[in-house]
Amino acid sequence: MRASQYFISTLKEAPSDAEIISHQLMLRAGLIRRLAGGIYTWMPLGLRVLRKVEAIVREEMNRSGAVELLMPAVQPAELWQESGRWEQYGPELLRFKDRHQRDFVVGPTHEEVITDVVRREIKSYRQLPRHFYQIQTKFRDEIRPRFGVMRGREFLMKDGYSFHASFEDLQREYTRMYETYTRIFTRLGLSFRAVAADPGSIGGTGSHEFHVLADSGEDAIAFCPESDYAANVELAEALAPPGPRPTANQPMKEVATPGKIKCEDVAAFLGLGIEKMVKAIAVMRDSEAVPFALLLLRGDHDLNEIKAEKIIGRFRFAHDGEIEQQLGCRPGYIGPVGTRDIPVIADHAVAAMSDFVCGANKPGYHLSGVNFVRDLPVPATVADIRNVVTGDPSPDGKGSLELCRGIEVGHIFQLRTKYSEALKCSFLNEEGQPQTMEMGCYGIGVSRIVGAAIEQGHDGRGIVFPSAIAPFELAIVPVGYGKSTFVREAANRVYDQLAAVGIDVILDDRDERPGVMFADWELTGIPHRVVIGERGLKEGMAEYQGRRDAEAEKVPLAEIAALVRLKVCS
RNA sequence: CGGGGCGUAGCGCAGCCCGGUAGCGCGCUUGGUUUGGGACCAAGAUGUCGGAGGUUCGAAUCCUCUCGCCCCGACCA
């Protein structure tokens, strides 16, 4: 490729609405351009990256025996009504009517469609197992699209669905996909981690997420350095503290804590550690006749809403008015003492506390030296409702947990029969009896990977792409291409040599100053660069520099092609 | 959807308080000089000041309403 015939459109300054580094760099490097909130055009250079990611995903999926197809982006509402998700999915599902007033959706995922395909096509256990996948544009009307391509509304996704005659066979395929995904992300050149995950709204039993490790990631991951335990914090279990509750040493007394609302402030004001505080969170439960309830957490712990939902069902946080009506007190000073029949759900850590501090249900006052049994009943429900924190014991009993952040780029689920049952997707087993198929589902966020790779690979000069997905592997930068025949001929020769052996090379034959060319190829993250100028040519030399290298190295012109081949392949 | 902020040239911004000819840097065009790290000089072009209404002799500026975007809280690849 010659740069003069290609389209390079870089920006010196990033648009001010780009918040994270990958978004800024993608805009500056001319990889994407925004059309509407969460909707982007993939510019030529960006498309090359996207296609490379796609190709690796496709290759590995095929290698693992999955079969590619392409399903419609637009789907009739009937299928969604049949699975029940027409009601469940909410406003994230983009719905519209056609000219006949029939309801349709723009597919955010394709469980319904693939299950429909399979129930029509597959009748016998002899035709199973089967794994179909597609790489397709999806649409989810995200509440708050942000971070460019990382949380867009329109995005490119690989989604695969497997169908099995037995759960054992589903587990076999699940393991195979786990390995396939590991291979894919390794080939992409990303630093990643597979973690146990919450199956969430898609439903089913087992589930793993694949996260690209990056500080800007939206997910928190708990992992144990001493073992291979790793889980999304949403799921990671906080073990109950061992041993009996310490005995009460202090009398309960009311202390004035004017203006101290947050646990940290109260702790500091009283000169106590924050782990002696108990915070009460007032919630309204959807399912209960008496919706109001209090959740108790240790001061230094955070509520895990997913865990809490599993214990008490769907809920929302109570409004200030509701809290005041129930407890006669503003939030900030609420607590579990003297609340009579208000249901109290305590985290394990709270149940193990003694001589603690909590709100007095009286504005401006807290209670100290509070103890269960003596001052308030032991909560009826004690459960794991908090996020794990650094230093918590690992649930597998081997050492303690650490936390890091990740960008979810892949997710595999054992769906079991959630959709096959709803859509009556069955087959005849060996006994000739109808049986519901077991299903697995496997997603990879293709477009998100591009953003994630940049989050992980960048420096002051721009993007540092892994070789496997860089828009070009090599940029040849001739200094004086238009002026010097020597330079032009040498550059053309090197270009021809490398292009002939299949290296993805761009020759910068634009009439630009060297600084502009250097800056462009650094910004766009091209991993290898060869500079050919009259100065070096006089000594028969060219220059090679890797994107991560601090300095260029001089290489005899005759050897440059061989060196580049070596570098590109390593 | 709730809370906060911002919409002025392709991009980054000033001007708004205190109404009176719409500006700066980058980019773009033309010419010249340059040519190993985002050049310099000269001459240019580019704006429904997000939109609609109102107040006013006069609105980018004040008022009302709208739309869009960004940030903070409930979703997911």
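Naming convention: chains lettered A, B, ... in sequence-line order (proteins, then strands); numbering from 1 in each chain.
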Expressed as a whole number of Å, how far does the P atom of B:U66 sit from that of B:G3? 14 Å
Distance, P atom - from B:A42 to B:G25, rounded to whole angstrom: 12 Å
Return a single string for nucleotides 44-50 of chain B, one symbol per nucleotide in 5' to 3' order, where B is base contact, S is sugar-phosphate-only contact and - is none, cutoff 4.0 angstrom on heavy atoms. -------
Using atom P of each nucleotide, how far apart are B:A52 and B:C40 to the nearest Å? 40 Å
For A:Asp511 and B:G38, give me the distance from atom CG to atom P, rounded to whole Å. 16 Å
Does A:Gly480 or A:Glu92 map to a spot on RNA chain B nearer the 5' end, using the closest nucleotide for each? A:Gly480
Are any non-hydrogen side-chain atoms of A:Tyr481 and A:Leu507 less than 4.5 angstrom apart? yes
Answer with base, sugar-phosphate or nothing: what part of the nucleic acid does A:Arg34 contact at a heavy-atom distance below 4.0 Å? sugar-phosphate
NA contact type, A:Gly30, heavy-atom cut-off 4.0 Å: base, sugar-phosphate, or nothing? nothing
Pairing partner of B:U64 (Watson-Crick or G-U wobble, both distances under 3.5 Å): B:A52
Report all interatomic pairs (protein N or O, nucleotide N or O of nucleotides 29-32 of chain B) with separations under 3.5 Å.
none

Can you name the salt bridge (charged side-chain N to carboxylate O under 4.0 Å, His left out) partners of A:Asp141, sequence neighbours left out? A:Arg153
Write down the distance separating the C1' atoms in B:C13 and B:G27, rounded off to the nearest Å. 14 Å
Given that both distances must come in under 3.5 Å, which nucleotide forms a Watson-Crick or G-U wobble pair with B:G2? B:C72
Going by the rule side-chain hydrogen bond (donor to acceptor under 3.5 Å, both in side chains), which residues pair with A:Asp103 if we only count those two or more places apart in sequence or in a different chain? A:Lys97
At a cut-off of 3.5 Å, list every protein nitrogen or oxygen paired with a nitrogen or oxygen from nucleotides 10-14 of chain B, distance to 0.1 Å.
| unit_1 | atom_1 | unit_2 | atom_2 | d |
| --- | --- | --- | --- | --- |
| B:C11 | O2' | A:Glu13 | O | 3.2 |
| B:G12 | OP1 | A:Ser16 | N | 2.7 |
| B:G12 | O2' | A:Glu13 | OE2 | 3.2 |
| B:C13 | OP2 | A:Ser16 | OG | 3.1 |

Step through it carefully: locate the ring centre of A:Phe132, locate the ring centre of A:Tyr161, and say whether they are under 6.0 Å apart. no
Between A:Val149 and A:Thr10, which has a closest nucleotide on RNA chain B that is more 5'? A:Thr10
Filter on salt bridge (Lys or Arg N to Asp or Glu O under 4.0 Å), then keep only pairs touching residues 18-45 of chain A, sequence neighbours left out; what's left? none
A:Asp302 and A:Asn387 side chains, donor-acceptor separation under 3.5 Å: no
Base, sugar-phosphate or nothing for A:Lys138? Non-hydrogen atoms, less than 4.0 Å. nothing
Which residues share a salt bridge (charged side-chain N to carboxylate O under 4.0 Å, His left out) with A:Glu522, sequence neighbours left out: A:Arg461, A:Arg529
Could you check how far CG of A:Leu94 sits from C1' of B:C75, rounded to whole Å? 15 Å
Using ring pair (Phe, Tyr, Trp, His ring centres under 6.0 Å), reason through A:Phe292 and A:Phe315 one step at a time and then give a plain yes or no. CA-CA 10 Å; A:Phe292 192 83; A:Phe315 69 93; over 10 Å; no
With a 3.5 angstrom cut-off on both distances, give the Watson-Crick or G-U wobble partner of B:G19, or none if there isn't one. none
In chain order, what residues pass the side-chain hydrogen bond (donor to acceptor under 3.5 Å, both in side chains) check against A:Arg176, with sequence neighbours excluded? none
Set of salt bridge (charged side-chain N to carboxylate O under 4.0 Å, His left out) partners for A:Arg448, sequence neighbours left out: none
P spacing across the pair B:G38 / B:C28, given as an integer number of angstrom: 15 Å
Using atom C1' in both nucleotides, what's the gap between B:G68 and B:C57 to the nearest angstrom? 34 Å
Ring-ring centroid check A:Phe472 A:Tyr6, cutoff 6.0 Å: yes
Separation of A:Arg144 atom CZ from B:C72 atom C1', in whole Å? 7 Å
Please measure how far the P atom in B:G47 lies from the corresponding atom in B:A9, and state the result in whole Å. 10 Å
Pairing partner (Watson-Crick or G-U wobble, both distances under 3.5 angstrom) of B:A39: B:U33
For A:Asn232 and B:C75, give me the distance from atom CG to atom P, rounded to whole Å. 13 Å
Identify which one of A:Arg144, A:Arg140, A:Glu142 satisfies the side-chain contact (heavy atoms from CB on, under 4.5 Å) criterion when paired with A:Arg151. A:Glu142
Residue pairs, two or more places apart or on separate chains, that pass ring-ring contact (aromatic ring centres under 6.0 Å, His included) and touch residues 46-74 of chain A: none
Hey, does A:Arg316 reach any base, or is it just sugar-phosphate, or nothing, if we go heavy atoms under 4.0 Å? nothing
State whether a side-chain donor-acceptor pair under 3.5 Å links A:Ser22 with A:His458. no
Expressed in angstrom and rounded to an integer, what is the separation of A:Arg193 atom CZ from B:A77 atom P? 21 Å
Are the aromatic ring centres of A:Tyr178 and A:His208 under 6.0 angstrom apart? yes
Could you list by number each residue of residues 515-550 of chain A showing a heavy-atom separation from RNA chain B of less than 4.0 Å, or answer none if no residue does? A:Gly515, A:Val516, A:Phe518, A:Ala519, A:Asp520, A:Glu522, A:Arg529, A:Val531, A:Gly533, A:Arg535, A:Gly536, A:Glu543
Atom CD of A:Gln88 and atom C1' of B:C75 are separated, to the nearest Å, by 14 Å
Does B:G27 pair with anything, Watson-Crick or G-U wobble, both distances under 3.5 Å, and if so, with which nucleotide? none
Quiz item: A:Arg146 side-chain donor-acceptor pair to B:C70 base, under 3.5 Å: no
Parallel, tilted or perpendicular: rings of A:Phe413 and A:His411 (30°, 60°): parallel
Using OP1 and OP2 only, check whether a side-chain N or O of A:Arg513 sits under 4.0 Å from B:G38. no
Calculate the interatomic distance between A:Glu218 atom CD and B:G73 atom P; express it in whole Å. 10 Å
Could you list the donor-acceptor pairs under 3.5 angstrom formed between side-chain atoms of residues 37-49 of chain A and any protein atom two or more places apart in sequence or on another chain?
| unit_1 | atom_1 | unit_2 | atom_2 | d |
| --- | --- | --- | --- | --- |
| A:Tyr40 | OH | A:His23 | NE2 | 3.3 |
| A:Arg48 | NE | A:Pro471 | O | 2.8 |
| A:Arg48 | NH2 | A:Asp504 | OD1 | 2.7 |
| A:Arg48 | NH2 | A:Asp504 | OD2 | 3.1 |

Can you tell me how far P of B:A77 sits from NE2 of A:His110, to the nearest Å? 14 Å
Using purine N1 to pyrimidine N3 plus N6-O4 or O6-N4 for Watson-Crick, or N1-O2 and O6-N3 for G-U wobble, both under 3.5 Å, which nucleotide pairs with B:G47? none
Does A:Val409 reach a base, just sugar-phosphate, or nothing at all? Heavy atoms under 4.0 Å. sugar-phosphate
In whole angstrom, give me the gap between the P atoms of B:U29 and B:G10. 15 Å
